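These figures come from a predicted structure and were not determined experimentally.
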Amino acid sequence: MKKIVLTGAAGRIGSVVRAHFAAARQPLLISDIRPCLAVTPGETERVGDLCDAAFTRNLLSDVDTVIHMAGIPDDRPLAELIGPNFLALNTLYTAAQEMGVRRVVFASSNHATGMYPAGQIIDTQVAVKPDSDYGAAKVWGEALGRMFWDKHGLETICLRIGSFTERPVSVRHLSTWLSHRDLCALLEVCIEAPRLGFEIIYGVSANTRSWWDNRHSRLPYRPLDNAEDYAERIAREAPPADPLEARFQGGDFAARYFNRADERANESGLADNLT
Ligand SMILES: NC(=O)c1ccc[n+]([C@@H]2O[C@H](COP(=O)([O-])OP(=O)(O)OC[C@H]3O[C@@H](n4cnc5c(N)ncnc54)[C@H](O)[C@@H]3O)[C@@H](O)[C@H]2O)c1
């Protein structure tokens, strides 16, 4: 059986992934900088900082696949992101290559392309357009994945995760939602897929209003959930979106600190004019 390690196991996504593996009775090596709650008999826990090269090398001994969820999931000041979202990635990739890991499944983010206009359909081959330092950190991670495949033969699947929530609660989520069930199905195909080198895929459910086209992906990912099922409820209950946030796929991450005077002066053409 493949040995799989889940980083960021104490986090929001990590907890859902742990429950999925436990239900499937698949053993899992779980790791986080803080202890996980309610460790089950099928789980082995290692607590430590992924910026620590010795810890990370030790963690990855005999591992087949790394599901890398650790990091800060928000646009924080660069000083806070540098360790978990930049340095830890380098430590992880270096250790994974040294320890002969087959594949890294990297939790990238839709914020790697968050400056594309809302409503535009983009695929996984478009140029990156990060919307924040957080989004730029995900681009850094994707670039490392690319480099470690090209130079060292270490495989990476980058998951540009949309909005991982139990149910969609905003108009933006009608396009970006990723259900718990679909994420777990996506991880299963990422673990099982035959050799595919480097790959990017959007982690998004089968939303009628999705902006993301996975046609170039070789993964047999077939999402089942559709945010549209919640559209009426969202229309009734969700507060109106901020107009600037609504212009970009990255929503509030894209709107934060936005100050292009030329584009603000011509708000009606803003999205089209951003090249
Ligand atoms: N939640 C979403 O909707 C979403 C969307 C896009 C991408 N992502 C990405 O998915 C991943 C998981 O997101 P989440 O919502 O579960 O975040 P989370 O904050 O709940 O979990 C992240 C975990 O990483 C751990 N961690 C942070 N720095 C670490 C380090 N140096 N060493 C070891 N562990 C460390 C934290 O303790 C935490 O438990 C993140 O990389 C995030 O950027 C999440």
Go through the side-chain N and O atoms of Glu188 and His20 and say whether any donor and acceptor fall under 3.5 Å apart. yes
According to a 4.5 Å side-chain heavy-atom criterion applied to Ile, Leu, Val, Met, Phe, Trp and Tyr, with indirect links allowed, do Phe164 and Leu174 form part of one hydrophobic cluster? no
Let's go through Thr156 and Glu199 carefully: what are the C-alpha distance in whole Å and the side-chain angles of both, what is the deciding distance for side chain to side chain donor-acceptor pair (under 3.5 Å) to 0.1 Å, and is it a yes or a no? CA-CA 6 Å; Thr156 287; Glu199 163 109 18; over 6 Å; no
List the steps and the verdict of side chain to side chain contact (heavy atoms under 4.5 Å, CB included) for Phe21 and Ile30. CA-CA 11 Å; Phe21 273 78; Ile30 57 174; over 6 Å; no
Do Arg102 and Thr65 have a side chain donor and acceptor closer than 3.5 Å? yes
Is a side-chain donor or acceptor of Asp182 paired with a backbone partner of Leu224 at a separation under 3.5 angstrom? yes
Would the Trp177 and Tyr230 ring centres measure less than 6.0 Å apart? yes
Any ion pair linking Arg256 and Glu245 (charged N to carboxylate O, less than 4.0 Å)? no
Minimum heavy-atom separation for Cys190 and Val105, please, with both atom names. CB-CG2, 3.8 Å
Count the heavy atoms belonging to other residues, nucleotides or ligands that lie under 6.0 Å from CD of Glu166, then report whether that count exceeds 12. no
Would you say Leu186 and Leu28 are hydrophobically clustered, going by side-chain heavy atoms of ILVMFWY under 4.5 Å? yes
Give the cluster check for Val5 versus Ile67: same hydrophobic cluster or not, with ILVMFWY residues linked at side-chain heavy-atom distances below 4.5 Å. no
Do Met69 and Phe106 share a hydrophobic cluster (ILVMFWY, side-chain heavy atoms under 4.5 Å, transitive)? no
Do the side chains of Glu155 and Trp149 get nearer than 4.5 Å, heavy atoms only? yes
Pair Ser175-Asn207, side-chain donor/acceptor within less than 3.5 Å: no
When you look at CD1 of Ile121, are more than 12 heavy atoms from neighbouring residues, nucleotides or ligands closer to it than 6.0 Å? yes
Give a yes-or-no answer on whether the side chains of His68 and Thr7 include a donor-acceptor pair shorter than 3.5 Å. yes
Ignoring hydrogens and angles, tell me if any N or O in the side chain of Lys2 forms a donor-acceptor pair with the backbone of Val63 under 3.5 Å. no
Any chain of hydrophobic side-chain contacts (each under 4.5 Å) joining Val16 to Val204? no
Can you say whether the rings of Phe248 and Phe258 are parallel (under 30°), tilted (30 to 60°) or perpendicular (over 60°)? tilted
On a heavy-atom basis, the closest approach of Pro117 and Gln249 is O-NE2, 3.2 Å
List the steps, then state whether side chain to side chain donor-acceptor pair (under 3.5 Å) holds for Ser179 with Asp225. CA-CA 7 Å; Ser179 72; Asp225 294 312; 2.6 Å; yes
Donor-acceptor contact below 3.5 Å, side chain Glu237 vs main chain Val169: no
How about Trp212 and Tyr202: are their ring centres within less than 6.0 Å of each other? yes
Do Leu178 and Ser163 have side chains that approach each other closer than 4.5 Å (heavy atoms only, starting at C-beta)? no
